[in-house]
Amino acid sequence: MLKLAKKELKDKTQWTEAGIEPPEFDYQNLIDKTKANPEWVHFGAGNIFRAFIARLQQELLNTGKVETGIIAAEGFDYEIIDKVYQPAENLSLVVKMSADGNMNKTLLASITEALKADSSFEKDWEELKEIFKKPSLKMVSFTVTEKGYALDNMDGEFFSFVLEDFEAGPEGDLNHLMAKVTALAYERYQAGAYPFAFVSMDNCSHNGQKLKDAVLTVAEKWIENGLVEKEFIAYLGNESKVAFPWSMIDKITPGPAPEVKQKLEDIGFKNTEIVKTNKNTEIAAFVNAEAPEYLVIEDNFPNGKIALDKVGAIYTDRDTVNQVETMKVTTCLNPLHTAMAVYGCLLGHTSIAEEMEDQEIRALVEQIGYKEGLPVVVNPGVLDPKSFIDEVVKERLVNPYIPDTPQRIAKDTSQKVAIRFGETIKSYRDADDLNPADLVVVPLAIAGWLRYLLAVDDQGIEMPLSSDPMLDELTSQLEGIELANIDSVGDKLKPILANDKLMAVDLYEIGLGEKIEGYFKEMIAEEGAVRATLKKYLLN
Ligand SMILES: NC(=O)c1ccc[n+]([C@@H]2O[C@H](COP(=O)([O-])OP(=O)(O)OC[C@H]3O[C@@H](n4cnc5c(N)ncnc54)[C@H](O)[C@@H]3O)[C@@H](O)[C@H]2O)c1
Ligand SMILES: O=P(O)(O)OC[C@@H](O)[C@@H](O)[C@H](O)[C@H](O)CO
């Protein structure tokens with residue numbers, strides 16, 4: 001039976017006959033070896049982790065280049081483990097969607113355990129502590145979204161549940177993931193101060209620094225409160241002991257799609273239930289993603305590195321990672337995505353590939369990338385920005401088989417605006433021959449996001465907003481703004497556009513605040529005004 005279960009792995013033929021590539025190693029043996037000498041723990045057991053990261057490890061396992069698997073840890077959304085990992089005995093199906101419609105299917109068996117990282121799940125938490133005490137541990141990686149690292153709000157105040165963690169110390173019942181992983185690092189420190197690397201693989205600018213800052217902040221507060229010895233910070237700050245390599249990861253991995261579920265059911269695959277958890281993760285035992293993929297990691301691993309460079313990843317120096325990441329996250333992919341997400345929702349789209357057939361959206365994407373982004377990109381050498389953006393625009397976003405939606409990408413936009421648009425704005429501010437006030441498409445994207453937050457589409461019909469930790473705060477700031485009533489805007493946009501944490505800079509100080517207010521007002525003038533505004537600024 002094509003069911004994800006250890007016993008079904010024994011009959012390899014049933015999988016190959018169904019066009020599914022089974023693992024070429026003994027899963028139970030892998031589980032035992034990994035338990036004895038764990039090398040890799042990954043936090044954030046979501047979609048990209050299985051589609052890309054764990055799949056690379058499977059390729060290494062298939063060819064005998066590594067001998068242990070990955071231990072998945074989930075420190076936020078425990079339903080993922082209960083509803084997806086446990087019923088499938090930690091196995092998954094990875095479906096790669098090519099542009100010709102071909103679905104390449106892999107039975108993923110490189111994840112050996114899935115643990116809930118919280119002291120309320122005593123057995124799992126104790127096991128994680130034991131894993132962190134093992135000298136063999138090389139890498140602890142993360143795909144936990146930008147908000148997974150945030151200890152404070154937009155006003156720079158620590159969240160109340162983080163303040164509780166500062167008081168509780170490593171032995172307490174911790175709330176925030178960053179406090180939990182600091183507590184686990186403390187276990188390792190006490191066990192022998194063994195070396196290892198903490199690797200963020202999230203789409204945040206300078207992701208390694210972001211992770212390091214969060215972990216060090218927690219550790220400093222614990223020292224201040226007399227909860228751990230001050231030598232702990234020296235261990236965390238010593239790069240030959242604990243490194244925080246930077247990385248860039250790229251592979252468009254939408255949530256599990258109904259059309260893929262149907263195709264899998266058609267071949268008799270059983271684990272097709274799609275779950276939406278109470279914490280808004282859309283997940284299934286199968287994961288669907290595009291074929292292109294890029295993983296660039298700073299080569300800084302004090303306890304040795306996994307041979308990911310044998311399966312396409314690039315290990316390089318920090319400056320190069322920074323340039324590649326800046327290229328992808330701040331100019332050549334993610335800003336295009338965020339702009340087309342908010343405008344796509346406003347214009348009634350539910351598919352990214354379909355949006356690329358909408359001439360205003362296509363112009364938006366092309367101009368934000370080629371016209372305003374590309375001029376400030378530094379060529380990182382290992383990837384060429386022009387070829388990269390060409391592939392994004394001409395091959396990836398248009399692939400009709402990638403079931404991606406503007407609604408997925410619009411999630412958590414408040415956490416991303418500063419990075420995806422703010423970095424380009426700063427580059428224009430800092431360049432001698434450029435002026436941020438001359439930008440058109442980047443401010444149009446920001447105005448589009450504010451227009452999106454009104455939760456009414458371009459036809460004047462109410463639309464649901466994707467989840468975002470700042471949704472209540474932002475929508476209440478915009479309360480009272482009405483379509484076809486420009487006066488209702490008043491000063492309501494000002495605190496948002498002037499917030500340098502949200503926007504990366506005070507947009508009024510660099511001459512963009514009023515411009516964005518103007519675009520916003522044009523877009524609420526009447527029904528259809530969003531499209532008319534895009535036409536006016538992009539197609540003339
Ligand atoms: N999906 C993609 O196309 C893609 C591509 C490149 C990079 N990424 C990066 O990976 C991240 C996750 O993407 P995904 O596809 O796995 O998403 P997903 O929704 O499938 O999983 C999100 C994961 O993040 C965890 N998480 C969410 N909020 C958290 C919080 N506040 N604290 C701790 N953990 C939290 C969830 O529990 C879950 O494990 C993205 O935000 C991005 O930074 C994703
Ligand atoms: O994952 P996020 O929330 O940071 O951003 C949404 C998408 O833009 C993103 O997931 C892309 O698909 C990804 O960055 C492609 O590599």
Side-chain angles (χ1 to χ4, degrees), residues 42-54 72-81 84-85 92 114 116-118 141-151 159 161-162 174-181 200-205 207 210-211 214 247-256 274-284 287-290 292-296 324-325 327-330 332-342 344 352 365 388 391-392 396-397 399 402-417 419-420 466-469:
H42 182 88
F43 283 88
N47 287 299
I48 183 88
F49 164 55
R50 290 169 300 149
F52 191 7
I53 300 163
E74 180 53 56
F76 178 72
D77 190 348
Y78 311 112
E79 262 181 279
I80 295 179
I81 306 296
V84 172
Y85 280 71
S92 299
K116 296 183 201 168
D118 191 88
S141 54
F142 296 82
T143 47
V144 293
T145 80
E146 285 93 330
K147 61 188 182 300
Y149 305 90
L151 299 176
F159 295 117
F161 56 94
V162 169
L174 300 167
N175 305 304
H176 196 289
L177 179 66
M178 292 296 115
K180 295 175 185 181
V181 299
S200 167
M201 294 185 177
D202 272 294
N203 283 332
C204 338
S205 201
N207 52 15
K210 199 163 182 147
L211 173 58
S247 75
M248 182 286 265
I249 183 166
D250 182 20
K251 185 176 184 81
I252 296 175
T253 306
I274 298 177
V275 174
K276 180 158 182 188
T277 69
N278 289 326
K279 289 192 167 158
N280 294 311
T281 311
E282 286 173 41
I283 193 153
V287 52
N288 37 236
E290 65 174 346
E293 55 190 27
Y294 301 97
L295 180 60
V296 184
V324 175
E325 190 264 350
M327 177 192 84
K328 184 236 172 190
V329 178
T330 76
C332 293
L333 194 160
N334 295 102
L336 284 58
H337 246 177
T338 297
M340 73 193 299
V342 293
I352 290 293
V365 163
F388 184 84
E391 189 191 38
V392 168
R396 299 173 66 183
L397 298 180
N399 181 343
I402 301 171
D404 209 0
T405 65
Q407 290 74 20
R408 169 186 85 92
I409 298 166
K411 265 190 188 181
D412 294 349
T413 302
S414 68
Q415 309 296 296
K416 306 189 263 194
V417 171
I419 291 153
R420 295 178 184 199
S466 303
S467 61
D468 185 312

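As the structure is a computational prediction, the values presented were derived from the model and not from experiment. Whatever order the structure lists ligands and atoms in, that order sets their numbers, starting from 1.
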For the side chain of Lys251 and the backbone of Glu290, is there at least one donor-acceptor N/O pair under 3.5 Å apart? yes
Quick one: does Ala45 get a heavy atom under 4.0 Å from ligand 1?
-> yes
Proximity flag Ile249 to ligand 1, non-hydrogen atoms under 4.0 Å:
yes
Checking contacts here: is it the side chain or the backbone of [X] that comes within 4.0 Å of ligand 1, counting heavy atoms only? Could be both or neither.
X	answer
Thr145	both
Asp412	neither
Arg408	side chain
Glu74	side chain

Taking the side chain as every heavy atom from C-beta outward, state whether [X] and [Y] have any atom pair closer than 4.5 Å.
X	Y	result
Ile352	Asn399	no
Leu151	Phe159	no
Asn207	Met201	no

By ring-ring contact (aromatic ring centres under 6.0 Å, His included), Phe142 pairs with (sequence neighbours left out) Phe43, Phe198
For Ile252, the ligand 1 atoms with a heavy-atom partner under 4.0 Å come out as 3 (O)
Note: ligand 1 atoms sitting under 4.0 Å from heavy atoms of Gly46 are 16 (O), 20 (O), 21 (O), 39 (O)
Min over Thr143, Ile81, Ile402, Val329 of heavy-atom distance to atom 23 (C) of ligand 1 lands on Thr143
If you compare Thr281, Val144, Asp250, Ile53 by their heavy atoms, the one closest to atom 25 (C) of ligand 1 turns out to be Val144
Side chain to side chain donor-acceptor pair (under 3.5 Å) test vs Asn203 passes for just one of Lys416, His337, Gln415, Lys328, namely Lys328
Give one line per pair: atom of ligand 2, protein atom, distance. Only N/O to N/O under 3.5 Å.
residue	atom	partner	partner atom	Å
ligand 2	3 (O)	Lys416	NZ	2.8
ligand 2	4 (O)	Asn203	ND2	3.1
ligand 2	4 (O)	Arg420	NH2	2.7
ligand 2	5 (O)	Lys416	NZ	3.4
ligand 2	5 (O)	Arg420	NH1	3.4
ligand 2	5 (O)	Arg420	NH2	3.3
ligand 2	8 (O)	Asn334	ND2	3.2
ligand 2	8 (O)	His337	ND1	2.8
ligand 2	10 (O)	Arg408	NH1	3.1
ligand 2	12 (O)	Arg408	NH2	2.9
ligand 2	14 (O)	Asn203	ND2	2.9
ligand 2	14 (O)	Lys328	NZ	2.7
ligand 2	14 (O)	Asn334	ND2	2.9
ligand 2	16 (O)	Asp250	OD1	2.5
ligand 2	16 (O)	Lys251	N	3.0
ligand 2	16 (O)	Lys328	NZ	3.1

Considering heavy atoms of the protein only, find what lies nearest to [atom] and give residue, atom and distance to 0.1 Å.
atom	answer
atom 3 (O) of ligand 1	Thr253 N, 2.8 Å
atom 8 (N) of ligand 1	Asn203 ND2, 3.7 Å
atom 34 (N) of ligand 1	Phe76 CB, 3.3 Å
atom 17 (O) of ligand 1	Asn47 N, 4.4 Å

Can a salt bridge be assigned to the pair Lys411 and Asp468 using a cut-off of 4.0 Å between side-chain N and carboxylate O? no
